[in-house]
Amino acid sequence: MPTPHISAPDGAFAETVLMPGDPLRAAHIAERFFDDAEQVTNVRGMAGFTGTFDGEPISVMASGMGMPSAAIYVTELVREYGVKRIIRVGTCGAYAPSLALRTIVAATDVVTNSNMPALLGAPTPIAPTPALVEALHDAASARSIDVVTGTVFTSDIFYEPTDEARERHTAAGVLAVEMEAAAIYSVAALEGAEALAMFTITDHLVTHEHLSADERQLTVDEMLELGCHTAVAAQRAAT
Ligand code: HPA
């Protein structure tokens, strides 16, 4: 049934949903990578599409920015539409000095400054579903794509008032910062779904390098396509 934030009819989503933050990126994924893509929802401009990739049903639904927005969409997709796995395909800012722009990172562990996981009573550590990490490694190695795995910081704050949080996380070996993975992992775990978050590094918060808008699109496409292959590999492994 349609929810307060998703207008799609029952059965409109595939079992596996890719989740970028940006609704325009959701449309780009559907257009560039899916066959037979159809838009299934657009409430508040938060676009969702379903099609096929390599012959398997697949959907994409934007999360919006930040944990509260992402938590709404994950809850409704899993609870009301029977979605079984969510793969965040996003961008992040590097905290590890050694990480280059364009590197693909997967969050195998998440730390956060948000109270949301504790308020929800989510399990700790905040982590992805091992089967999805395995599907990602399989999909990446089959295409000779390097993926760096490790701890990612999900922050409630984009414009930090000082460098303190970044310096502390860099010193602790945290790879990168983004704003949704902790909500997606926590809500998926509580709702009985699988989850994984993968990113392209578009900003470097230690060296202050940034990708231009054009470079962002081109570079992110490699990770988005890897997300599609990961989704299909995970779905096939589960059936
Ligand atoms: N901070 C938080 N989230 C991000 C960033 C950042 O610098 N870059 C991409 N996502």
Side-chain angles (χ1 to χ4, degrees), residues 6-8 12-65 69-70 73-74 77 81 83-93 100-107 132 135-148 176 178-181 184 194-203 210-236:
I6 303 175
S7 61
F13 287 94
E15 279 185 7
T16 309
V17 176
L18 296 178
M19 183 166 274
D22 179 356
L24 295 178
R25 189 162 288 144
H28 169 75
I29 291 167
E31 197 176 299
R32 172 111 164 69
F33 299 110
F34 291 5
D35 293 317
D36 305 319
E38 275 186 42
Q39 184 155 14
V40 294
T41 183
N42 200 31
V43 178
R44 292 174 179 244
M46 207 60 82
F49 301 81
T50 295
T52 61
F53 182 83
D54 202 11
E56 289 281 330
I58 188 168
S59 295
V60 59
M61 172 84 214
S63 67
M65 284 183 284
S69 181
Y73 295 105
V74 175
L77 286 171
Y81 290 95
V83 167
K84 295 193 171 157
R85 53 197 81 76
I86 304 227
I87 301 176
R88 163 154 163 71
V89 283
T91 60
C92 65
L101 289 182
R102 303 180 184 83
T103 304
I104 298 177
V105 170
L132 290 186
L136 169 62
H137 282 307
D138 290 349
S141 64
R143 290 161 189 84
S144 303
I145 296 173
D146 288 333
V147 176
V148 177
E178 57 83 61
M179 302 185 78
E180 293 82 20
I184 294 172
E194 301 181 354
L196 174 67
M198 52 198 285
F199 314 92
T200 300
I201 295 177
T202 51
D203 307 287
H210 301 278
L211 290 183
S212 69
D214 284 355
E215 285 175 315
R216 247 168 227 262
Q217 191 62 69
L218 277 177
T219 311
V220 170
D221 270 355
E222 184 188 34
M223 183 271 303
L224 299 178
E225 188 167 16
L226 182 59
C228 293
H229 286 294
T230 302
V232 163
Q235 197 156 286
R236 286 188 179 139

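The residues of the chain are indexed from 1 along the displayed sequence. Only this structure's heavy atoms are used, side chains among them; waters, hydrogens and symmetry mates stay out.
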Looking at every heavy atom in both Ile145 and Leu226, which two are closest together, and how far apart are they?
CG2-CD2, 4.0 Å

In sequence, state the C-alpha distance, the side-chain angles, and the governing distance for Val74 and Val83, and then conclude on side-chain contact (heavy atoms from CB on, under 4.5 Å).
CA-CA 9 Å; Val74 175; Val83 167; over 6 Å; no

Check the pair Glu31 / Phe49 against side-chain contact (heavy atoms from CB on, under 4.5 Å), numbers first and verdict last.
CA-CA 9 Å; Glu31 197 176 299; Phe49 301 81; over 6 Å; no

Short question: side chain of Glu225, backbone of Cys228 - any donor-acceptor pair under 3.5 Å?
no

Sorted by chain and number, sequence neighbours left out, side-chain contact (heavy atoms from CB on, under 4.5 Å) with Thr50 holds for Phe13, Val40, Ser59

Using a strict 4.0 Å threshold on nitrogen-to-oxygen distance, state whether Asp203 and Arg216 make a salt bridge.
yes

Could you work out, with side-chain contact (heavy atoms from CB on, under 4.5 Å) as the rule, every residue matching Glu15, not counting sequence neighbours?
Lys84, Arg85, Gln235

Would you please say whether a donor-acceptor pair under 3.5 Å links the side chains of Asp22 and His28?
no

Closer than 3.5 angstrom, by distance alone: can the side chain of Thr103 be matched with the main-chain N or O of Ile201 as a donor-acceptor pair?
no

Go through Val148 and Ile104 one step at a time and tell me if the side-chain contact (heavy atoms from CB on, under 4.5 Å) criterion holds.
CA-CA 6 Å; Val148 177; Ile104 298 177; over 6 Å; no

Sorted by chain and residue number, the salt bridge (Lys or Arg N to Asp or Glu O under 4.0 Å) partners of Asp138 (sequence neighbours excluded) come out as none

Measure from the side-chain N and O atoms of Arg143 to the backbone N and O of Ala139, and report whether any donor-acceptor pair falls under 3.5 Å.
yes

Residues which pass salt bridge (Lys or Arg N to Asp or Glu O under 4.0 Å) with Glu222, listed by chain and number, not counting sequence neighbours
none

Who passes side-chain contact (heavy atoms from CB on, under 4.5 Å) against Ala62, sequence neighbours left out?
Pro23, Ala26, Met46

Which residues share a side-chain contact (heavy atoms from CB on, under 4.5 Å) with Ala233, sequence neighbours left out:
Ala135

Is there a donor in the side chain of Ser7 and an acceptor in the side chain of Thr41, or the other way round, less than 3.5 Å apart?
yes

Passing candidate, side-chain contact (heavy atoms from CB on, under 4.5 Å) with Asp35, options Thr52, Asp54, Ile58
Thr52

